[in-house]
Amino acid sequence: QVELVESGGGSVQAGGSLRVSCKVSGDTPSRYCMGWFRQAPGKEREGLASVDKDGTTTYADTVKGRFTGSQDIAKNTLYLQMNSLKPEDTAMYYCAADRWCVLARQYPLLPRSFAYWGQGTQVTVSS
């Protein structure tokens with residue numbers, strides 16, 4: 001069973017940058033649809049970016065142009081580079097995976113499209 005571990009969160013001032021990582025173990029990321037999500041206190045989990053097995057990438061409008069997903073195949077690790085951060089980007093950030101992508105291909109930013117989740121890493125942006 002695939003396991004996901006996020007890291008790289010922290011505190012940054014508005015306008016700054018941060019890169020969070022998602023280490024994948026137990027299987028190869030290329031066999032999964034992968035996604036990045038976040039959840040702020042009192043709010044629903046929000047889809048930020050996803051990548052299909054064929055490399056097709058989808059970004060939410062709220063982060064398009066500011067956030068960029070990438071992966072290091074040799075390290076089995078995905079990254080989310082976050083630039084021009086705003087206080088409203090403050091949240092717990094999660095990566096997610098789904099082996100069969102039945103929902104993920106149709107709804108790539110929907111949390112319930114993904115079966116496997118990491119524990120999250122906190123990102124705090126101060127004004």
Side-chain angles (χ1 to χ4, degrees):
Q1 177 172 317
V2 69
E3 293 186 357
L4 311 173
V5 178
E6 300 92 337
S7 62
S11 297
V12 64
Q13 288 191 329
S17 298
L18 207 59
R19 189 181 75 166
V20 292
S21 303
C22 174
K23 175 70 173 178
V24 181
S25 61
D27 209 335
T28 305
S30 60
R31 291 160 57 90
Y32 292 77
C33 288
M34 303 294 300
W36 284 101
F37 296 80
R38 68 185 178 191
Q39 189 167 18
K43 294 189 176 182
E44 292 187 354
R45 192 163 294 190
E46 174 190 13
L48 304 176
S50 70
V51 58
D52 199 338
K53 297 179 188 181
D54 64 2
T56 301
T57 304
T58 302
Y59 290 97
D61 289 341
T62 52
V63 302
K64 196 175 295 183
R66 297 191 301 126
F67 291 10
T68 304
S70 64
Q71 58 180 305
D72 186 327
I73 296 174
K75 295 183 178 180
N76 265 18
T77 301
L78 279 75
Y79 303 99
L80 186 67
Q81 177 68 43
M82 303 182 292
N83 300 326
S84 302
L85 283 163
K86 307 173 183 179
E88 51 264 43
D89 293 319
T90 296
M92 187 72 79
Y93 283 69
Y94 300 90
C95 69
D98 195 86
R99 178 70 177 86
W100 305 112
C101 307
V102 173
L103 287 180
R105 286 200 173 112
Q106 190 171 6
Y107 307 105
L109 300 178
L110 192 65
R112 69 183 184 93
S113 295
F114 295 84
Y116 301 100
W117 292 82
Q119 84 292 345
T121 185
Q122 177 68 36
V123 172
T124 302
V125 184
S126 57
S127 58

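Everything numeric here is computed off the predicted structure, so don't read it as measured data.
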Spatial distance of atom CG (L85) from atom OG (S126) [nearest 0.5 Å]: 10.5 Å

Row check, F37 ring normal vs R45 NZ/CZ: under 6.0 Å, within 45°: no

Where is the tightest heavy-atom contact between Q71 and L78, given as atom of each residue plus distance? CB-CG, 3.9 Å

Residues T121 and E6: closest non-hydrogen pair is CG2-CB, 3.9 Å

Just so I know, are the side chains of V12 and S17 near enough to count as touching, which here means a heavy-atom distance under 4.5 Å? no

For L103 and D98, run side chain to side chain contact (heavy atoms under 4.5 Å, CB included): C-alpha distance rounded to whole Å, both residues' side-chain angles, the deciding distance at 0.1 Å, then the answer. CA-CA 9 Å; L103 287 180; D98 195 86; over 6 Å; no

Charged N-O contact under 4.0 Å between D89 and K86: no

Looking only at heavy atoms, the pair that brings Q119 and V5 closest together is OE1-CA, 3.7 Å

Verify whether one side chain among T77 and D72 offers a donor that lies under 3.5 Å from an acceptor in the other. no

Check whether the side chains of Y93 and R38 place a donor and an acceptor atom closer than 3.5 Å, and report yes or no. yes

Could you go through the side chain to side chain contact (heavy atoms under 4.5 Å, CB included) check for V63 and W36 one step at a time? CA-CA 11 Å; V63 302; W36 284 101; over 6 Å; no

Do F67 and V125 land in one hydrophobic cluster if side-chain heavy atoms of ILVMFWY residues count as linked below 4.5 Å? yes

Would you say W117 and P111 make side-chain contact, with heavy atoms under 4.5 Å? yes

Residue pair Y32 / D27, side-chain donor-acceptor N/O under 3.5 Å: yes

Looking only at non-hydrogen atoms, find the nearest pair between P29 and M34 and report the distance. O-CG, 4.2 Å

So, for G9 and V123, which heavy atoms are closest and what is the spacing to 0.1 Å? CA-CG2, 4.1 Å

Can you tell me how far OG of S25 sits from CG of L4, rounded to the nearest 0.5 angstrom? 7.5 Å

Checking S113 side chain against Y107 main chain: does a donor-acceptor pair fall under 3.5 Å? yes

Taken to the nearest 0.5 Å, the spacing of D54 CG from C33 SG works out to 8.0 Å

Pair E46-T62, side chain to side chain contact (heavy atoms under 4.5 Å, CB included): steps then yes or no: CA-CA 10 Å; E46 174 190 13; T62 52; 3.2 Å; yes

Would you say the side-chain atoms of K53 pair up with the backbone N or O of R99, donor to acceptor, closer than 3.5 Å? yes

Counting N and O atoms only, with roles assigned by atom type, does the side chain of T124 sit under 3.5 Å from a partner on the main chain of S11, one being a donor and the other an acceptor? no

What pair of heavy atoms forms the shortest contact from G35 to F114, and how long is it? N-CE2, 3.7 Å

Short question: side chain of R105, backbone of D52 - any donor-acceptor pair under 3.5 Å? no

Can you hop from V2 to V51 via hydrophobic side chains spaced under 4.5 Å? yes

Would the distance check show the side chain of S127 and the main-chain N or O of P87 forming a donor-acceptor pair, the cut-off being under 3.5 Å? no

Using a 3.5 Å distance criterion without hydrogens, assess whether the side chain of K23 forms a donor-acceptor pair with backbone atoms of K75. yes

Assess whether atom CD of E3 is packed by more than 12 heavy atoms of other residues, nucleotides or ligands within 6.0 Å. no

Using side chain to side chain contact (heavy atoms under 4.5 Å, CB included), reason through L48 and L109 one step at a time and then give a plain yes or no. CA-CA 7 Å; L48 304 176; L109 300 178; 5.9 Å; no

Any T68 side-chain heavy atom under 4.5 Å of Y59 side chain: yes

Rounded distance (nearest 0.5 Å) linking atom CD of Q122 with atom OG1 of T90: 7.5 Å

